[in-house]
Amino acid sequence: MKGALIDVDYITKNEKPIIRLVFKGKRFYKIYDDSFEPYFYLDADDLKEARSAVEKITINAKGKQIKVKRMEAVKKNVLGEEREILKIICNHPRDVPILREELRKIGAIYEHNIPFARAYIKNKGLVPLEIIEFEREGRFLKKIIKIHENPELKLRMLAFDTEVYNPLGVPRQDKDPLIMISYADEEQGVLTYKKIGKKFVHTHKDEEEIINTFCDLVKKKDVELLIGYNSSQFDLPYLKARAKQLGIPLPLGRDGSSFKLSTRGIVTRAKIVGRLHIDLYNIIVFLGIIGALKSFRYTLGEAYSEIVGKEKKEVKKLEIWRLWDEEKGLEPLAEYSLHDAVAAKELADQLLPMEVELSKLVKVPLFDVCGAMTGNLVEQLLMNKAHWENVIVPNTPKEEEINKRRANPIVGAFVKVPEPGIYENIAVFDFRSLYPSIIISYNIDPFTLNCKCCSEKEAFVSPAGYKFCAKKKGLIPKVLEELLVRRMEIKKKMKSYEQNTREYKMLATRQQALKILLNSFYGYLAYPRSRWYSREAGESTTAWGRQYIQETMKEAEKEGFKVLYGDTDALFMLLGDKVKKDALEFMKRINAKLPEKMELELEDFYTRGVFVSKKLSKEEAVGAKKKYALLSESGRIKIRGFELVRRDWAKIAKDTQEKVLETILREGSKDKAMKVVIDVIDNLKNNKVKLEDLVIYTRLKKSLKKYELISPEVAAAQKAKAAGIPLEEGSVVEYVITKKGKSISEKAELAELAKDYDPDYYIEHQVIPAVLKILKELGVSEDDLLFKGKQSTLNGW
DNA sequence: TAATTCGCTAGACCGA
DNA sequence: TCGGTCTAGCGAA
């Protein structure tokens with residue numbers, strides 16, 4: 001038999017745990033395995049004594065006698081040391097948490113909190129979504145024969161979305177009905193119960209009938225992958241609540257059940273029996289966290305425009321009930337509803353290939369990998385590899401230890417202060433995967449630290465003063481090297497395909513997944529909740545990083561280049577009287593001296609660049625770090641850190657700043673840049689600017705009550721709440737500074753509630769500060785902008 | 001509960 | 001009302 005592995009869990013029959021595997025062949029099917037036993041490890045000084053102590057243990061839990069099933073002495077690498085320990089085999093996974101408390105008294109316990117199904121995957125060497133070839137006996141798995149690559153996984157996908165009647169803004173589950181359910185696969189439709197003159201609309205009798213029809217549709221289409229956006233937190237729970245209200249079932253699962261909610265950290269997920277339900281919102285949040293996505297609100301519309309590159313049809317959320325009530329609102333509402341489902345489908349087409357790759361790489365089923373955070377991905381991957389390296393998985397730290405780690409952060413990267421100014425002919429280099437390549441090169445791992453086998457001379461000694469083994473490879477360096485090498489191979493292979501081919505895109509996705517993982521390892525090493533945390537290892541990684549970038553800067557200066565700026569792994573240098581070839585030769589010389597897996601790469605050559613000074617209370621000008629704009633030889637502009645890349649600045653200020661930067665970079669014209677600013681100031685003064693260009697976006701990171709300081713976004717949210725628009729923790733406040741009030745907070749008003757704007761605020765606090773720091777480098781003062789601005793209104797400057 | 005540190009900047013708040 | 005300090009958010013790498 002063959003099939004792509006979709007999911008693994010377990011059931012209990014006659015008190016025995018049985019692993020259940022879901023495979024995808026022509027359709028989903030289930031295979032069982034009753035041969036796998038739950039276990040954990042016990043490490044004690046005297047194994048014989050420990051053995052007899054364990055044998056005596058019987059715990060009475062809810063009337064049942066719980067005992068250890070069996071014990072085996074096994075040789076394992078325990079926290080860097082080879083030794084014999086006891087493998088404690090239990091009758092049922094739920095016995096593990098009960099027994100471990102007693103066994104803890106005998107010695108150290110390990111791998112006691114690894115979910116049973118996960119342990120099965122790693123023990124059997126399974127890879128989700130690849131084709132597993134196996135022998136079976138009836139419905140039971142006998143033997144795994146081989147795992148084949150599965151480049152093309154095709155699941156029957158259906159995207160859906162719901163609309164709800166909301167006369168009070170927030171819909172009430174007990175009173176406000178569902179009015180539309182939209183869906184999209186090869187065909188698209190909207191289920192509703194009002195007559196709407198559109199081909200894609202299917203009009204039914206009432207709310208009950210559209211819910212039933214939707215469930216029938218899922219069943220009839222034999223949906224394998226159900227896609228929603230925020231569906232675990234909104235659509236599905238709402239559907240369930242309405243079904244309950246109407247007294248009808250919600251048979252979305254293959255067994256007729258609805259779904260089960262689970263929360264992991266900040267992520268809520270809904271699991272449907274026999275189908276994969278993926279909430280794209282969770283993936284979007286993940287991409288936001290790792291910085292793979294430009295910052296924005298995590299709405300379907302924003303995600304769609306950012307990732308698919310198209311605009312979604314929108315209606316105002318608060319208007320939905322009115323559109324439903326008014327005859328002429330129905331068509332736009334139906335179109336909007338349909339497009340939500342279509343957008344979710346297109347978004348899934350873009351996002352899922354990456355999740356599929358991650359699932360295969362870290363060997364976690366797709367459902368669990370979607371929305372998993374980086375710490376989790378790295379941990380799963382390491383736990384899997386640990387099994388094959390015969391290494392015990394270190395325990396999760398206790399709360400006390402976590403707090404200790406958190407209170408004592410690791411010193412990070414080096415950033416050079418740039419000299420403010422406008423420069424020409426700049427070469428930018430960076431170290432490819434700096435931290436991963438350092439970890440590999442110096443065998444940095446919590447358990448290669450202070451090894452017994454290397455003398456002071458033999459070991460790698462970090463600039464932070466810690467010793468790492470030079471003889472036996474640690475788990476983390478080993479895993480990282482595999483990932484790094486695979487990524488390099490893929491990148492090489494990509495060159496042999498045209499960019500728009502299927503093969504190229506597949507490789508690009510795979511490469512991207514590897515990059516995400518590679519970049520997550522250092523963070524995991526320094527993450528207080530990590531199983532593989534090591535202050536010494538983390539500190540050594542950054543210390544070597546600082547050393548390499550600073551030494552390279554020194555070398556550059558020695559060779560006669562002026563080093564303009566540098567941050568962590570990047571180096572900006574002026575060519576001066578040298579040419580590109582000199583810079584490339586410099587790079588070659590550096591590379592010749594670097595360890596094998598480390599490499600300095602050319603990022604690009606830039607014809608012009610702008611660095612500005614930091615805003616200080618005093619007059620002295622100090623260069624600002626993490627803020628620059630560059631124009632590449634090919635005409636591409638690269639801007640970092642400036643207000644125009646931040647969401648908490650108004651569009652009018654960002655656009656103006658962008659135009660000023662572009663003008664200076666491309667044309668080098670001060671007058672033209674000034675003219676741009678003066679025009680904008682004029683428009684602001686004359687009330688010619690649209691309100692939407694004045695909106696400032698800020699996320700509320702805590703609940704409203706918890707703020708010590710009432711900042712503008714908090715004030716705006718408070719007012720909004722009073723007006724019946726609740727904004728909870730995590731939502732993005734969109735506000736405008738109006739004329740009404742004294743302080744800026746008092747003037748702040750939710751964009752949809754604002755009636756006017758305060759031109760002075762936008763001129764003095766938004767546009768001027770954003771552009772002045774740039775124009776100052778050309779000798780322009782604030783008065784130059786304001787005075788000429790005034791003049792222009794009088795006599796048309 | 002769910003990767004890290006470095007860095008800039010705003011606006012509130014507070015005391016002189 | 002001024003200037004320093006602190007809270008808070010967001011971006012770079």
Side-chain angles (χ1 to χ4, degrees), chain A residues 263-267 282 285-286 288-291 294-296 371-380 396-397 399 402 405-406 409-417 430-431 433-435 516-533 535 538-539 541-542 545-546 549 565-571 603 612-618 622-628 638-649 653 696-702 706-715 732-733 737 742-748 761 764-766 769-770 773:
Chain A
T263 328
R264 234 184 30 195
I266 47 170
V267 181
N282 292 337
V285 169
F286 169 72
I289 286 173
I290 62 167
K294 235 186 101 224
S295 62
F296 60 108
M373 297 297 135
T374 52
N376 212 289
L377 297 176
V378 172
E379 188 173 277
Q380 295 300 335
T396 41
E399 214 55 36
I402 293 168
R405 292 175 179 180
R406 216 193 309 268
I410 291 166
V411 180
F414 168 76
V415 189
K416 183 184 160 67
V417 184
D430 53 26
F431 284 95
S433 302
L434 179 69
Y435 289 168
I516 289 175
L517 275 178
L518 275 165
N519 288 341
S520 304
F521 269 76
Y522 165 72
Y524 185 68
L525 212 51
Y527 165 49
R529 290 183 182 276
S530 166
R531 286 176 186 266
W532 270 273
Y533 176 91
R535 233 200 104 72
E539 224 163 32
T541 308
T542 55
R546 290 191 299 271
I549 192 76
Y565 177 63
D567 185 348
T568 313
D569 60 353
L571 169 72
E603 201 264 333
V612 296
S613 47
K614 184 155 80 151
K615 193 165 185 176
L616 288 170
S617 42
K618 288 175 205 157
V622 176
K625 299 168 175 179
K626 301 191 185 283
K627 202 169 256 196
Y628 58 84
K638 179 176 179 176
I639 296 173
R640 291 291 123 97
F642 276 106
E643 285 71 12
L644 76 95
V645 302
R646 298 176 62 98
R647 82 166 148 215
D648 56 350
W649 279 72
I696 298 165
Y697 300 85
T698 310
R699 182 179 302 277
L700 293 177
K701 291 192 166 179
K702 329 189 242 191
K706 288 195 182 143
Y707 281 90
E708 286 180 41
L709 240 72
I710 306 303
S711 46
E713 64 274 16
V714 174
V732 176
V733 184
I737 301 302
K742 271 184 95 181
S743 71
I744 293 168
S745 283
E746 281 172 36
K747 291 175 171 209
Y761 171 81
E764 282 157 35
H765 292 255
Q766 292 274 330
K773 60 181 54 153

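Protein chains get the first letters and strands the later ones, always in sequence-line order, with residue 1 at the start of each.
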Distance check needed: B:dC8 C1' versus A:Lys627 NZ, whole Å only.
6 Å
Measure across A:Glu746 and A:Lys742 and return the closest heavy-atom pair with its distance rounded to 0.1 Å.
OE1-N, 2.9 Å
With sequence neighbours left out, write down each residue that passes side-chain hydrogen bond (donor to acceptor under 3.5 Å, both in side chains) with A:Ser711, or none if nothing qualifies.
A:Glu713
Just checking A:Glu713: base, sugar-phosphate only, or nothing, at a heavy-atom cut-off of under 4.0 Å?
sugar-phosphate
Looking at the side chain of A:Tyr527, which of B:dA2, C:dG9, C:dA12 is the nearest nucleotide?
B:dA2
Quick one, give me the B/S/- string for nucleotides 10-15 of chain B, reading 5' to 3', where B means a protein heavy atom under 4.0 Å from the base and S means that only happens at the primed atoms, P, OP1 or OP2.
SBSS--
Please state how far atom OH in A:Tyr533 lies from atom C1' in B:dT4, giving the value in whole angstrom units.
11 Å
Round to the nearest Å and state the distance from A:Leu700 atom CG to C:dC10 atom C1'.
14 Å
Contacts of A:Lys747 that satisfy side-chain hydrogen bond (donor to acceptor under 3.5 Å, both in side chains) - sequence neighbours left out:
A:Asp758
Is A:Lys626 touching bases, backbone alone, or none of the nucleic acid, heavy atoms closer than 4.0 Å?
base
Counterpart residues, side chain to side chain contact (heavy atoms under 4.5 Å, CB included), relative to A:Arg264 (two or more places apart):
A:Arg118, A:Arg269, A:Asp368, A:Ala372, A:Asn376
Who pairs with A:Asp648 by side-chain hydrogen bond (donor to acceptor under 3.5 Å, both in side chains), at least two apart in sequence or on another chain?
A:Arg646
Quick check on C:dG11: is either OP1 or OP2 less than 4.0 Å from any side-chain nitrogen or oxygen of A:Arg646?
no
Heavy atoms under 4.0 Å, any strand shown: does A:Ser520 hit a base, just sugar-phosphate, or nothing?
nothing
Check the distance between B:dC8's C1' and A:Leu644's CG and give it to me in whole angstrom.
15 Å
For A:Glu643, the salt bridge (Lys or Arg N to Asp or Glu O under 4.0 Å) test, sequence neighbours excluded, returns A:Lys627, A:Lys773
Whole angstrom is fine here: how far is it from CG in A:Leu518 over to P in C:dA13?
19 Å
Heavy atoms under 4.0 Å, any strand shown: does A:Arg640 hit a base, just sugar-phosphate, or nothing?
sugar-phosphate
Just checking A:Thr374: base, sugar-phosphate only, or nothing, at a heavy-atom cut-off of under 4.0 Å?
base
Classify the angle between the aromatic ring planes of A:Tyr527 and A:Tyr524 as parallel (below 30°), tilted (30 to 60°) or perpendicular (above 60°).
tilted
Distance, rounded to the nearest Å, where A:Leu517 contributes CG and B:dA2 contributes P:
19 Å
Listed in order of residue number, which residues of residues 409-417 of chain A have a non-hydrogen atom at under 4.0 Å from DNA chain B?
A:Pro409, A:Ile410, A:Val411, A:Gly412, A:Ala413, A:Val415
Within the 4.0 Å heavy-atom criterion, would you say A:Phe286 contacts the bases, only the backbone, or no part of the nucleic acid?
nothing
In whole angstroms, the gap separating P of B:dA2 from CG of A:Asn282 amounts to 14 Å
Using side-chain hydrogen bond (donor to acceptor under 3.5 Å, both in side chains) as the criterion, list what pairs up with A:Lys702, not counting sequence neighbours.
none
Have a look at A:Tyr707 and say if it touches a base, only the backbone sugar-phosphate, or nothing, with a 4.0 Å heavy-atom cut-off.
sugar-phosphate
Partners passing salt bridge (Lys or Arg N to Asp or Glu O under 4.0 Å) against A:Arg531 (at least two apart in sequence or in another chain)
A:Glu379
Quick check: closest heavy atoms across A:Tyr435 and A:Gly545, and the distance to 0.1 Å?
CE2-CA, 4.5 Å
For B:dA2 and C:dG9, measure between their P atoms and round to the nearest Å.
15 Å
Touch check for A:Pro528, heavy atoms < 4.0 angstrom, all strands: base, sugar-phosphate only, or nothing?
sugar-phosphate
